Structure formats: structure tokens, C-alpha cells
Amino acid sequence: MTILVLGGTGKTGRRVVDRLNALGLPVRVGSRPLFDWRDRSTWRTALDGATAVYLAYYPDLTFPGAYEDIKAFTELAVSGGVRRLVLLSGRGEPEAEASERTVQESGAEWTIVRCSWFMQNFSEGFLFDQVLQGVIALPVADVPEPFLDVNDVADVAAAALSRDGHAGRLYELTGPRLLTFAQAAEELSGATGREISSVQVTREEYVTAAVKDGLPQEEAEGLAALFTGILDGRNSSVADGVRQALGRPARDFTDYAAAAAAMWQRP
């Protein structure tokens, strides 16, 4: 059994790779140049001999073209002998649910890992510099979100890829409690001993600042649309997918902030 992990150097993917390697399973890391979502000529080579795939789409399943890519890749994978698919999906995203259905109807064993907002966006993603500078500026209202530790995502995905009993399951993963971005900033302040605040900006202000910081215009606009869409209160509830999949509770934001605090310390 060879497991192809798409996005194998990303936040979730590299953790999934680590867990599968620890189990002694053969893993293929699907990242550029071996695999590129925008270059379909790379897909067949990456899939050669694979029997299971962790499907993580970059930049997000809500972006234009994502559904078409997932559909085409899934069909190619199953026709080539892939028997197990685990899809990383987003909570409260209608566009993502279309991709979920494609995987569910593929004929392979499937597991959907539908996730809330990642805690690690503050420490490993596009919000790292904002936290370092002390101001988290996003086009989001002051609504609560059940922030999710990426390590929980990786644990669930690795279990679904490597063990029986997860086929045909849709796991909705969240953290154990709700926090607004302002409350998350307070937690980060307490963990780092620095003043970190959260401010609401307009969609246009966010895009302008993100592009100035080096983010491609298309990606900045896509993220802004994502923020103003799913962070509108629709996801302001806690789910129990981590416990359903692993038999333990989800990790808490306070523990995450304490473990990551050193990353935000100024030199």
C-alpha cells in the first residue's frame, strides 16, 4: 500500500506524512515539482502505484476551479487503482460540499475531514506576521469560532488512511470551545507576554494590505471572500468529530498558544 499525501509539505500534509512514516507505511509526498494542482500532467505520475490518497487542495476548495480539479483527479485516481480517499474539507463551505459529494460518489472508500478554522494560521500561516507585529487585522465580524488544532486534523486523517473503520464517515472537526478573534488575541497575549489585539478591517483594506505584503492578488481576494463568507457566524458551534474518530477530546487553544508562544517572541 502506497499512500499519496497531497500538500505533503503544508500545514496538515507534513503532519500526516510524519504520522504515516512513524507507522512504517510507504508514503509519497505530493508537492511540487512531483505534483501540482495547476499542472494536470503531473497527476498521473504522482498517482502511479498509489492505493490511498490524502486529498488536500491548495489554496482552498472554495476557490474557482477547485471542484473541477477534484472531480478530474478523483476520477483519474480511482481508475488507476486508488481504493481509499481522505478529503480535507472546510466547514460551512457550500463549494467544498460539492467536492465532498464527488469523493463520496467516486466508488472508493472515502472519509471526509471537514474542519473549522486552524489554530496554526496564527503561527504558521498568513497571520504569523500580524501576530508578530501585535495587530490581527481581518475583514471579519466579532463572531466566535471553534479554532481547531492542525495536529488533531493530522491524527484523524492518518487514522482514516491507515486503519479500517473510518470508511463512509464524515468527521466534522472543531476545537472544544468558541473564541472570537479578540478573545484569541487575548489568549495569545497571555501566552507571549506581549500585547496582541484584533481589529476589523474592510475587505478592500485587507486585500490591499495582503498584496502589499507579497500575497498574489487572486489569492488575497479569495481569502477575503472566504473570511467574509464562512466567518459570519454560521460556524459558531462546537462539533465532536475528533472524539468520534479518535476517542479523545480536541486540543484546546490555550494549550496551542502556550506551545507556540516562542515562535512569536521578537529577537
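Just so it is clear, the model here is predicted, and its values are computed rather than measured. In what follows, every heavy atom counts, from backbone to side chain, and hydrogens, waters and symmetry copies are set aside.
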Do [X] side-chain atoms and [Y] backbone N/O form a donor-acceptor pair below 3.5 Å?
{"X": "R169", "Y": "I112", "answer": "no"}
{"X": "R194", "Y": "L132", "answer": "yes"}
{"X": "S116", "Y": "P146", "answer": "yes"}
{"X": "E205", "Y": "T202", "answer": "yes"}
{"X": "T51", "Y": "R83", "answer": "no"}
{"X": "R251", "Y": "L148", "answer": "no"}
{"X": "Q120", "Y": "V150", "answer": "yes"}
{"X": "R91", "Y": "R114", "answer": "no"}
{"X": "E219", "Y": "P216", "answer": "no"}

Below 30° counts as parallel, above 60° as perpendicular, anything between as tilted: where do the rings of F253 and F147 land?
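The rings of F253 and F147 sit tilted, inter-plane angle from 30° to 60°.
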
Applying side chain to side chain contact (heavy atoms under 4.5 Å, CB included), can you list everything that pairs with D39, at least two apart in sequence or on another chain?
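D39 satisfies side chain to side chain contact (heavy atoms under 4.5 Å, CB included) with D36, S41, T42 once adjacent residues are dropped.
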
Between F122 and W264, is the ring centroid distance below 6.0 Å?
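Ring centroids of F122 and W264 are no less than 6.0 Å from each other.
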
Do the side-chain N and O atoms of S106 and R101 include a donor-acceptor pair separated by under 3.5 angstrom?
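Side-chain D/A pair, S106 to R101: absent.
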
Going by the side chain to side chain donor-acceptor pair (under 3.5 Å) test, which pairs reach into residues 68-78, not counting sequence neighbours?
R40-D69, Y57-D69, K71-E75

Note: R15-D149 ion pair, threshold 4.0 Å (strictly below):
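Judged by the 4.0 Å cut-off on N to carboxylate O distance, R15 and D149 do not form a salt bridge.
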
By the ring pair (Phe, Tyr, Trp, His ring centres under 6.0 Å) test, which pairs, at least two apart or in different chains, include something from residues 194-244?
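The answer is W117-F227, F126-F227, Y206-F227.
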
